[in-house]
Amino acid sequence: MNHNSLIFKAANYFWLHLWKYKANERQHKRYVKDISGRTPINVVFMAIDVALWRYQHVYEMMAADNRFNVNIVLTPCIVRNYERDLESLRNYFEERGIPYIDYRSEVGPIDIRSRLNPDVMFYTQPYEYLLLPEYDCRRFFDRLVCYMPYAFWTFATFAYNLHFCNRAWRLYYPLESYRQSAVNQASNHGRNVRVVGYANADDYLKKEHTDVWKPMADGQQRKRIIWAPHFTIKHIEGSIPARSNFLWMAQLMVDIAQTYSDRLQIAFKPHPSLMTQLYSHPDWGKERTDQYYELWQQMPNTQLETGQYADLFMTSDAMIHDSGSFAVEYHYSQNPVMFMSKNMDDTLSTQSDFGKQAYAMHYIGASEQDIRHFIDDVVLGGNDPMRPQREHFFKDYLLPPGGKSVAQNVIDDIVKSLNL
């Protein structure tokens, strides 16, 4: 690296940390003062994928409150095959009778600022350059940008000091430990963080859940297992290391579904980005990937799940996975769960204390033998010695603070902050 490049990086660092982030905070304070007590407040939710949509309950409460004027905008994620994502979003909102502004129906991307004049904006992910420039968060940091994590972060240093996290108005985090990580790691020391509980908690904690498992032809009940592989089949530069076991498990899980067809139902719940990774993999490609996904739709005791998953989790009996967020989220069900890793020490080396506790509640698998033992002994045999530990974890970490719903905690903060 040459001398000029080092000077540029240093200048950019000081510009961001000593001026830009603090300038954003001053800008937010002026904006809050300008709109304080004014109603209705214009709120825009940016939706990019059904599986990542975390704002349903916040949206519903705001839509029923005359202090807010609410819009949902479909915002293509340009690093993925977004037409598939958009079609799923259209179906999701239309099935629920929820109005939305469709990217495709316009002549080019809409001008959100001039058409909707947003005061408060909720983003799905805290990353820049994911969306079309017209929708990217970088265009709206002068407004009150908000964010709830789309997943439970278990990494010790994950995402707390992104530009987005330093420039957003509010970060609605699930746990006090997240706030402390932001205090220690973010350049703004977490001043924009509020602890409200995990976004999906309101779905998990409902009294009743819809049974989303397909009926069996023979009418007999089977044990229900979710297989949820992560997308990192290879290392992605600048991202987390490869952790997915999909490549060696793909055929094995099909064989297991067929072998146990009289005793198990299996739901294939891939990470939303796994398909994109497989399309570009030299041994897979689009045709093989599409055929594989379709196979899970067609086998008599299996199904493909690519959307919302709270009902899936809560009506299942067990899960096998290698995801970060699911290592926490599945504990809402309090059912047995196996984490797949051929090097658990390496996995745990990157985790926060909270993440390590979540993984400690798992049975660990590294081989076909481990998977079959988990199925035979724990799922089918009912030998589950870790259940008391999972129940304690649920009570200690997964209930929203204040005895309120997560959505109510978010809205209470906005109402108080804007003097509504």
Side-chain angles (χ1 to χ4, degrees), residues 50-51 88 91-92 95 200 203-204 206 208-230 244-246 248-272 274-275 278 289-323 325-327 329-340 361-365 367-384 386-387 390:
V50 172
S88 296
N91 293 336
Y92 176 86
E95 287 172 0
N200 264 10
D203 283 318
Y204 291 126
K206 292 187 300 186
E208 297 183 2
H209 292 89
T210 302
D211 187 347
V212 296
W213 295 76
K214 72 182 184 184
M216 293 291 92
D218 60 8
Q220 298 299 309
Q221 183 75 21
R222 290 159 172 76
K223 288 292 184 179
R224 298 164 165 181
I225 295 180
I226 302 164
W227 175 41
H230 201 247
S244 177
N245 296 268
F246 174 84
W248 72 266
M249 289 181 65
Q251 185 57 48
L252 170 62
M253 293 306 292
V254 171
D255 294 342
I256 286 175
Q258 294 170 343
T259 302
Y260 289 83
S261 62
D262 60 333
R263 288 163 287 172
L264 293 181
Q265 278 186 266
I266 303 180
F268 176 45
K269 178 70 182 76
H271 188 285
L274 178 60
M275 177 177 282
L278 290 173
T289 301
D290 289 347
Q291 290 174 352
Y292 186 81
Y293 275 54
E294 184 63 25
L295 177 63
W296 282 94
Q297 284 275 49
Q298 294 176 350
M299 285 189 290
N301 63 320
T302 66
Q303 60 200 68
L304 172 65
E305 296 289 337
T306 59
Q308 293 284 305
Y309 49 84
D311 287 330
L312 180 75
F313 280 19
M314 300 303 287
T315 56
S316 67
D317 295 298
M319 182 163 74
I320 298 170
H321 76 102
D322 48 24
S323 166
S325 181
F326 287 0
E329 285 191 67
Y330 194 68
H331 290 317
Y332 278 101
S333 75
Q334 300 179 58
N335 291 330
V337 54
M338 170 168 273
F339 184 80
M340 300 304 303
M361 254 41 71
H362 285 68
Y363 299 93
I364 304 302
S367 66
E368 176 181 350
Q369 182 180 2
D370 293 336
I371 296 170
R372 291 184 181 273
H373 182 266
F374 176 69
I375 292 172
D376 292 332
D377 190 49
V378 180
V379 181
L380 296 175
N383 180 23
D384 183 16
M386 300 188 76
R387 183 169 183 83
R390 296 195 304 272

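Remember, predicted model here, so these are calculated numbers, not experimental data. We number each residue from 1, following the sequence as shown.
- Tested against Y260, the residues D255, N301, D376 include a single side chain to side chain donor-acceptor pair (under 3.5 Å) partner, D376.
- The backbone N or O of R224 lies less than 3.5 Å from a partner atom in the side chain of D317, making a donor-acceptor pair.
- Distance alone, capped at 3.5 Å, is enough to place a donor-acceptor pair between the Q265 side chain and the K214 backbone.
- The ring pair (Phe, Tyr, Trp, His ring centres under 6.0 Å) check on Y309 picks up F313, F326, with sequence neighbours excluded.
- Here the side chain of Q334 pairs no donor or acceptor atom with the backbone of R387 at under 3.5 angstrom.
- Y92 places no side-chain N or O within donor-acceptor distance of the main-chain N or O of G307, the cut-off being under 3.5 Å.
- Across P336 and Y363, no two heavy atoms sit closer than the pair CB-CE1, 4.1 Å.
- Rounding to the nearest 0.5 angstrom, the gap separating the CE atom in M253 from the CD1 atom in I225 is 7.0 Å.
- For the atom pair CG of L274 and OG of S323, the computed distance is 11.5 Å after rounding to the nearest 0.5 Å.
- The ring of H362 has its center closer than 6.0 angstrom to the ring center of H331.
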Stepwise side-chain contact (heavy atoms from CB on, under 4.5 Å) check, M386 with D384: CA-CA 6 Å; M386 300 188 76; D384 183 16; 4.2 Å; yes
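- With hydrogens and angles ignored, the 3.5 Å screen pairs a side-chain donor or acceptor of D322 with a backbone N or O of N245.
- Between the T302 side chain and the W296 main chain, a donor and an acceptor come within less than 3.5 Å of each other.
- Counting non-hydrogen atoms of neighbouring residues, nucleotides and ligands closer than 6.0 angstrom, the NE2 atom of H373 reaches no more than 12 such neighbours.
- Judged by distance alone, the side chains of S88 and N91 never bring a donor and an acceptor atom under 3.5 Å apart.
- Between W248 and E368, the shortest heavy-atom contact is CZ3-N, 4.1 Å.
- Legend: residues meeting side chain to side chain contact (heavy atoms under 4.5 Å, CB included) with T210, ordered by chain and number and at least two apart, are V212, D311.
- Rounding to the nearest 0.5 Å places CD1 of I375 at 9.5 Å from OG1 of T259.
- Residues Y330 and S316 have side chains that bring a donor and an acceptor to within less than 3.5 angstrom of each other.
- Distance alone, capped at 3.5 Å, places no donor-acceptor pair between the R263 side chain and the K223 backbone.
- Heavy atoms only, all atoms of each residue included: D211 and T315 are closest at CA-CG2, 4.1 Å.
- Aromatic ring pairs are classed by plane angle as parallel below 30°, tilted from 30° to 60° and perpendicular above 60°; the pair H230 and H271 is perpendicular.
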